[in-house]
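One structure is given here, and the rest of the page talks about it.
Atoms considered below: every heavy atom in the structure, side chains included; atoms not considered: hydrogens, waters and symmetry mates. The chains referred to below are lettered A, B, ... by the order of the sequence lines, with proteins before strands, and numbering in each begins at 1. Quantities reported herein were computed from a predicted structural model and do not represent experimental measurements.
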Amino acid sequence: AQSVTQLGSHVSVSEGALVLLRCNYSSSVPPYLFWYVQYPNQGLQLLLKYTTGATLVKGINGFEAEFKKSETSFHLTKPSAHMSDAAEYFCAVITFGNEKLTFGTGTRLTIIP
Amino acid sequence: DTAVSQTPKYLVTQMGNDKSIKCEQNLGHDTMYWYKQDSKKFLKIMFSYNNKELIINETVPNRFSPKSPDKAHLNLHINSLELGDSAVYFCASSQVREREGRDTQYFGPGTRLTVL
């Protein structure tokens, strides 16, 4: 079975500060990991994904995430927050041969001017 | 061009009615999905079709019935709507990669269903 835990349902950071959104996964086989962003009243947009290879993955809008197998983590970071980053962020996992994409409960990111 | 599109974007209806939501993808993907996002933003898969064949059918009331006329379309029909069906419904699509397994799922803009 696979699962995802996102620590912190709400995260607030000041504009220009570091953004860190936490995601831990559970999987009995090597996972594929994703971060999606959902802006208010919109659909989900892929930020970045890890399948195999380099463990540091760069995505759109200056976000990146690092796959750490020893910590079963895939935390999302951005060096400097921008007002336009305010949104809901979802971590998700899928495994080879499993058709189901399992989502975390989401983290709402608020940017303080 | 929109990759995954859904209609309608908003749907307001009375309890007991029957309604359908349509989804189309122009990505050439072989698999399509329906997800439900509840009021707490929790996303859960409902159904998945691969080349018109049902491959995932989660614990969903049988009032919900997906229909796939071809691999580019997956519609969701809901009978006898209940208050608890109010949610945002997302369609998604993806493609199997031979050695990589399931590729990224691309989502539609969602349909906000409100049952009064």
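Heavy-atom distances place no part of B:K44 under 4.5 Å from chain A, backbone and side chain included. The contact between A:L44 and chain B is made by backbone and side chain atoms together, counting heavy-atom distances below 4.5 Å. Heavy-atom distances place both the backbone and the side chain of B:L43 under 4.5 Å from chain A. Contacts between A:Q38 and chain B at a heavy-atom distance below 4.5 Å involve the side chain alone, from C-beta outward. With a 4.5 Å cut-off on non-hydrogen atoms, A:K100 touches chain B through its backbone and its side chain both. For A:E88, the part lying near chain B is the side chain, with the backbone staying farther off; criterion is any non-hydrogen pair under 4.5 Å. At a 4.5 Å heavy-atom cutoff, the contact between B:E58 and chain A is made by side-chain atoms alone.
The shortest distance between side-chain heavy atoms of B:W34 and B:Q6 falls below 4.5 Å. Between A:V37 and A:L109 there is no side-chain heavy-atom pair separated by less than 4.5 Å.
Environment of NZ in B:K41: crowded, with over 12 heavy atoms of neighbouring residues, nucleotides or ligands closer than 6.0 Å.
Here the closest non-hydrogen pair linking B:L83 and B:V115 is CD2-O, 3.3 Å.
Under the 3.5 Å distance criterion, with hydrogens and angles disregarded, a donor-acceptor pair is assigned to the side chains of B:H73 and B:D70.
Residues in residues 5-26 of chain A take part in these side-chain hydrogen bond (donor to acceptor under 3.5 Å, both in side chains) pairs, two or more places apart or across chains: A:Q6-A:T107.
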